[in-house]
Amino acid sequence: METQPLTIRSFGEDDRAAVKALWQVCGLTVPYNDPDADIHRAAGQPNSDILLGVSPDGRVGATVMVGHDGHRGWLYYVAVDPALRGQGHGRAIVAAGEAWLRARHVPKAQLLIRETNTGVRDFYAGLGWAAIPRIVMERWL
Ligand SMILES: CC(C)(COP(=O)(O)OP(=O)(O)OC[C@H]1O[C@@H](n2cnc3c(N)ncnc32)[C@H](O)[C@@H]1OP(=O)(O)O)[C@@H](O)C(=O)NCCC(=O)NCCS
């Protein structure tokens, strides 16, 4: 079957249900992160956005949340509809996130992989990403 590229565009309010459903089916929704709050904080902001890969019939097939603090850029919620995987959409949505950061002159992009999802490391390695020896610390505020 011929692979249709997804059109990349920013999140709009009408996409909310589809985006949340995609994150859910991709296993990216966890009890300690409210997707509505994440969308509210990130979508369409000066330093962050949610980019979507949309199929010709208007369905949301891929997402990436991007943001930066002026020093580092971050990718979150990298997701491709299970029915559309293996067709280059993951590569394309990560590239879109990188391009968003590059356009804002952010020199470095980072992302976190959950301990339960380390298999995806090879996906990023294939796209030129490298694991770095750091300890990530956090505190809930
Ligand atoms: C990871 C994910 C985004 C990949 O999407 P995809 O559309 O299948 O990826 P692509 O088709 O663009 O794959 C690009 C390359 O990575 C490879 N690849 C894809 N998934 C891989 C994996 N899990 N492990 C190793 N390589 C992988 C592909 O074979 C392809 O290689 P090629 O260019 O040499 O042919 C998708 O599997 C997904 O949504 N997973 C669940 C959510 C998730 O874990 N997100 C990451 C959170 S950190």
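Whatever order the structure lists ligands and atoms in, that order sets their numbers, starting from 1. Bear in mind that the values here come from a model prediction, so they are computed numbers and not experimental data.
Between the side chains of Asp38 and Tyr76, no donor N or O sits under 3.5 Å from an acceptor N or O.
Residue pairs that meet the ring pair (Phe, Tyr, Trp, His ring centres under 6.0 Å) test with at least one member in residues 32-68, sequence neighbours left out, do not exist here. Here ring pair (Phe, Tyr, Trp, His ring centres under 6.0 Å) pairs that include residues 81-111, with residues two or more places apart or in two chains, number zero.
Contact residues of ligand 1 (protein heavy atom closer than 4.0 angstrom to a ligand atom; sorted by chain and number): Cys26, Leu28, Val78, Ala79, Val80, Arg85, Gly86, Gln87, Gly88, His89, Gly90, Arg91, Leu112, Asn117, Gly119, Val120, Asp122, Phe123, Tyr124.
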For residues 121-137, run the donor-acceptor check on the side chains, cut-off 3.5 Å, and write out each pair with its distance to 0.1 Å, sequence neighbours left out.
from, atom 1, to, atom 2, distance (Å)
Trp129, NE1, Glu98, OE2, 2.8

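A salt bridge links Asp15 and Arg9; the closest N-O separation between the charged side-chain nitrogens and carboxylate oxygens is under 4.0 Å.
When hydrophobic clusters are built by joining Ile, Leu, Val, Met, Phe, Trp and Tyr residues whose side-chain heavy atoms come closer than 4.5 Å, directly or via intermediates, Val30 is not grouped with Leu75.
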